[in-house]
Amino acid sequence: MTEMSESQSPVRPKGHSLLLKWSWRELWQGQLWPVAVALTLIIACVFALASLVVRVEKIMVNQGRSMIAADLVLRSANPVPDNLVREAERLGLTVTAQTRFGTMAFSDNAMQLVSVKSVSSDFPLRGELLLQGTSRTQQQVNPGELWLSERLFSLLNVKNGDQVAIGNAELTVAGTIVQEPELSFNPFSQMPAVLMHEADLAATEAIQPGSRVRYRAYFNGTETQLKQLRDQTQLTPDQRWISETTQGRTGEMIERVQQYLSLTLILVIMMATATLVLTCMHYTASRTETVAMMKSLGAGKAFLWRWLARQLGLLFAIAASAGLALGLFLEWLLRLPLTDVLPQPLPEMGAMPWLVSLLVAILVSVPGIGIALWRLLDAPALAVMQRQSSDTSSKKRYLLILFPVVALLLWVGDNPMMWLTLAGLFVLLVLLAGLGLLLVAGLRRRQWGPAMTLALSRIGRSPLASGAQLAALTSSLMLLAVIWLLRTDLLADWQQTLPPDAPNVFALNISPVQHPAYLNVLDESGLMRSDSYPIVRGRLVTINGKNPRAEEAENGSENDDRQEGDESLRRELNFTWRDSMPVHNTLVAGEWSNTPGGVSVETGVAERLGIKLGDTLGFNVNSQMFSATVTSLREVEWRNMRPNFYFIFTPDVMADLPATWLVSFRVAADQSELVNRLGRDYPTVTLLDLRTMATRIQAILQQVSLSLSVLAFLGVCSGLLLVLTLLRLSLSQRQQEIKLYRTLGASRSRIRATIWSEYGLMAVLAGVIAVLGAEALVAALIKWGFELPVSWHPGLWLVLPLLSIVLILLIISTMMKQLLRPLGR
């Protein structure tokens with residue numbers, strides 16, 4: 001065995017050649033190829049998933065930024081300071097501005113209250129502005145032009161080329177606003193919009209001291225530049241940053257998509273890692289005698305390390321090449337269902353998926369393969385003659401776990417959802433293994449047939465191994481269920497963002513005289529409409545006699561993106577009154593009562609302002625002060641596009657206050673003429689046509705729905721792969737024992753019945769316990785991670801145990817003939 005001697009350098013080239021050939025043969029003819037397959041699948045799955053994650057995140061961010069017309073927006077009640085603009089330009093950001101105010105527009109025939117947006121020629125920085133003139137379409141506003149929303153043509157009775165007065169300026173109607181990027185979700189704050197150039201703003205003289213004007217500055221640049229600008233800017237109380245993650249319901253949706261993508265990625269990595277560890281443990285067990293024999297013939301550890309290093313080098317090179325190639329194919333395959341909804345061209349995926357897939361493979365391989373191989377190299381030479389039951393190898397090998405753990409800590413950071421998931425998985429694994437063993441112990445106390453008795457005895461002889469096996473099978477089923485259930489629950493919640501019957505037009509400022517006739521027109525046209533609501537604008541001024549704004553100022557509340565708590569204190573709100581609670585609200589505390597002097601409060605504003613049942617609230621409407629007692633708290637789904645309110649009073653409280661009426665209704669795409677006719681017949685009623693916004697949200701929802709379905713499918717496939725690997729290895733480990741039974745005379749039918757009983761019992765237990773674990777983990781993630789209502793999944797209680805049994809049936813059927821073969825054949 002001179003070729004194994006480290007001191008004989010002249011034969012080293014020959015030794016290297018021999019080691020290389022041996023490594024190649026070991027890789028393809030030995031037991032190392034399952035490890036190569038597992039590593040290939042890890043790289044392929046992580047690459048495909050990371051690629052799709054990168055693309056979907058970029059698409060969602062781009063969609064969100066398109067809806068705010070820039071990468072970052074500063075909203076202010078006062079003109080944006082020049083020094084802030086200069087600082088942004090110094091950092092390399094692109095900057096533009098907008099001034100927005102409400103005023104009257106006058107034509108020769110009519111007048112109308114409008115929302116004026118004064119913009120520069122480079123607006124918007126993101127998204128698409130489409131302006132349709134007489135003979136051409138353009139994407140920017142030029143000086144002297146006035147662009148009108150479609151309904152204003154009939155309301156003002158004008159056509160292209162006519163003159164319309166905005167304040168003291170006479171501007172020429174250039175055409176129609178077909179599409180603009182900024183869409184507001186607050187129907188009460190919208191008026192028909194007009195666009196004009198900032199160069200014409202001064203001529204209007206519409207902005208005077210006391211005018212209600214809103215200013216916005218738009219910034220485009222890299223994430224680093226935007227962060228520097230935000231960090232260096234001290235906001236005043238009237239200013240607020242707007243980004244894609246803070247823009248109402250789309251921001252919330254983007255955040256939750258990103259959370260789900262990250263969560264799915266880490267679960268897939270965990271399942272793929274478990275597959276790798278299992279296959280490597282199987283390889284180690286099959287090569288212990290080989291290593292012991294080599295040691296008995298004089299091989300030293302250095303030689304053995306070189307022997308394994310060449311194998312691992314070949315293994316990783318092959319796995320990386322095959323994994324990246326397969327990952328590219330998978331990524332293309334995953335995009336096929338999304339072809340019709342993904343934008344073209346697709347965002348570049350960049351280098352991140354390539355680097356992440358290889359880095360993840362290395363990090364999980366270090367402990368996954370390293371610990372098992374370290375133990376293999378520590379196997380004593382005596383093992384060639386006698387199996388060693390005790391672990392005599394160095395415990396230092398477990399330090400290899402620090403590599404992926406440290407990487408995980410750096411990646412997860414302060415993400416509470418990830419920590420919640422990891423902690424929950426650890427606790428559940430221990431509980432599931434213990435619960436499984438307790439159930440088996442309970443079953444052993446009962447009388448069963450010979451096959452079941454032998455199966456229970458087999459499980460009970462090695463409780464640690466059986467518990468680990470049951471926990472692994474259960475957790476695999478549980479993780480694939482978690483991925484799919486989270487996808488289902490998130491999509492069910494997002495469907496409430498825009499239900500199929502959601503209103504898409506709001507009619508406001510309906511006078512009491514017009515109210516009955518207006519509703520009659522809607523009903524005769526067969527339109528689906530909401531109840532009508534009387535509206536009065538007012539402010540909340542006191543809570544139990546104390547001014548909440550004064551207390552907020554004393555407490556020094558910070559002004560940042562999260563400080564929404566008291567926008568309800570800083571602006572006028574819409575008040576209404578009803579005898580009955582709206583059907584789309586949910587009562588969570590108190591009782592809906594018509595007791596005089598009562599008010600029902602939305603739970604969100606009640607929580608932010610510390611309002612409780614029985615509190616006395618003071619209000620101001622048109623300088624008239626009145627108070628009401630909180631009788632109930634309501635949960636409101638603000639995303640359903642229906643009329644919703646912070647405060648709903650009993651009718652007596654506001655009986656003497658003048659009010660207008662509000663109603664929302666749904667019109668089809670081919671009913672635009674009806675909307676225009678309502679605008680002509682009731683010129684004083686403000687019509688808010690939100691169909692463009694609804695189409696935009698539906699497009700985003702479609703992208704999100706299909707993307708999450710594809711990602712969930714990939715996650716489930718990874719879980720199924722882990723389950724199949726686990727079952728095959730478990731049966732392979734039983735093969736010697738079963739062959740021994742067969743050689744000693746046990747009948748084929750008895751062994752077959754015992755195998756079916758053992759693994760059938762394990763399948764049922766794993767399926768039932770996995771359902772319990774999945775329901776518990778999903779409930780925790782939904783409640784504390786995504787902050788959504790918890791729901792249960794009755795279908796899972798049937799599907800998961802059935803899936804477990806089918807997988808067991810499939811694997812055992814393919815291996816039964818081999819398992820029943822006696823020794824010596």
Side-chain angles (χ1 to χ4, degrees), residues 98-121 123 128-184 187 189-207 211 213 505-511 514 518 521 667 669-693:
Q98 180 192 100
T99 304
R100 187 182 301 189
F101 57 94
T103 189
M104 294 297 295
F106 297 89
S107 67
D108 292 338
N109 305 304
M111 60 181 179
Q112 175 65 40
L113 185 64
V114 296
S115 175
V116 179
K117 296 180 182 179
S118 167
V119 300
S120 61
S121 297
F123 176 87
E128 192 172 15
L129 176 65
L130 289 180
L131 306 171
Q132 180 64 56
T134 303
S135 58
R136 63 189 177 90
T137 299
Q138 65 187 63
Q139 295 180 314
Q140 66 179 33
V141 178
N142 299 316
E145 297 176 345
L146 186 68
W147 297 87
L148 310 181
S149 58
E150 184 179 359
R151 286 190 300 111
L152 279 175
F153 283 89
S154 58
L155 294 175
L156 294 174
N157 193 17
V158 294
K159 60 184 183 300
N160 289 351
D162 289 350
Q163 298 291 306
V164 170
I166 302 293
N168 292 331
E170 293 279 343
L171 300 173
T172 302
V173 176
T176 307
I177 304 171
V178 177
Q179 178 179 324
E180 57 177 320
E182 293 182 292
L183 293 172
S184 170
S189 66
Q190 286 193 349
M191 294 176 286
V194 303
L195 288 175
M196 59 181 291
H197 197 273
E198 63 180 7
D200 302 318
L201 179 60
T204 66
E205 299 181 4
I207 300 178
S211 298
V213 186
V505 178
F506 282 76
L508 296 85
N509 301 322
I510 306 172
S511 69
Q514 296 172 319
Y518 200 94
V521 171
V667 297
D670 58 352
Q671 292 181 302
S672 296
E673 179 54 36
L674 173 60
V675 177
N676 293 333
R677 179 163 59 86
L678 286 170
R680 290 193 302 268
D681 295 346
Y682 297 90
T684 60
V685 175
T686 303
L687 274 176
L688 305 180
D689 189 348
L690 305 180
R691 283 176 290 176
T692 301
M693 180 186 68

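- Taking every heavy atom of both residues into account, Ala206 and Phe101 meet most closely at CB-CE1, 3.7 Å.
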Identify each donor-acceptor pair in which a side-chain atom of residues 155-162 lies under 3.5 Å from a protein atom, sequence neighbours left out, and give them as a table.
| unit_1 | atom_1 | unit_2 | atom_2 | d |
| --- | --- | --- | --- | --- |
| Asn160 | ND2 | Thr134 | OG1 | 3.3 |
| Asp162 | OD2 | Lys159 | N | 2.9 |

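- Under the side-chain hydrogen bond (donor to acceptor under 3.5 Å, both in side chains) criterion, Gln112 pairs with no residue, sequence neighbours left out.
- Atoms CD and CH2, on Glu145 and Trp147 in that order, are 5.5 Å from each other to the nearest 0.5 Å.
- Applying the ring pair (Phe, Tyr, Trp, His ring centres under 6.0 Å) criterion to Phe153, with sequence neighbours excluded, gives no partner residue.
- To the nearest 0.5 angstrom, Lys117 atom NZ is 12.5 Å from Thr99 atom OG1.
- The closest side-chain heavy-atom distance from Leu129 to Leu195 is below 4.5 Å.
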Considering only distance and modelled atom types, tabulate donor-acceptor pairs under 3.5 Å from the side chains of residues 166-177, sequence neighbours left out.
| unit_1 | atom_1 | unit_2 | atom_2 | d |
| --- | --- | --- | --- | --- |
| Asn168 | ND2 | Glu205 | OE1 | 2.7 |
| Thr172 | OG1 | Gln163 | NE2 | 2.8 |

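- By the 6.0 Å contact criterion, CE on Met111 is open, its count of non-hydrogen atoms from other residues, nucleotides or ligands being 12 or less.
- With sequence neighbours left out, Gln139 forms a side-chain hydrogen bond (donor to acceptor under 3.5 Å, both in side chains) with Glu128.
- Interatomic distance, OG of Ser511 versus OH of Tyr518, reported as 11.5 Å (0.5 Å rounding).
- With sequence neighbours excluded, the residues forming a side-chain hydrogen bond (donor to acceptor under 3.5 Å, both in side chains) with Thr137 are Gln132, listed by chain and number.
- Partners of Asn509 by side chain to side chain contact (heavy atoms under 4.5 Å, CB included), not counting sequence neighbours, listed by chain and number: Thr660, Thr686.
- Judged as a side chain to side chain donor-acceptor pair (under 3.5 Å), the pairs with a partner in residues 192-204 (not counting sequence neighbours) are, in order, Ser121-His197.
- Note that CZ of Arg100 is 11.5 Å distant from OG of Ser118, once rounded to the nearest 0.5 Å.
- Counting heavy atoms from C-beta on, the side chains of Val141 and Phe123 never come closer than 4.5 Å.
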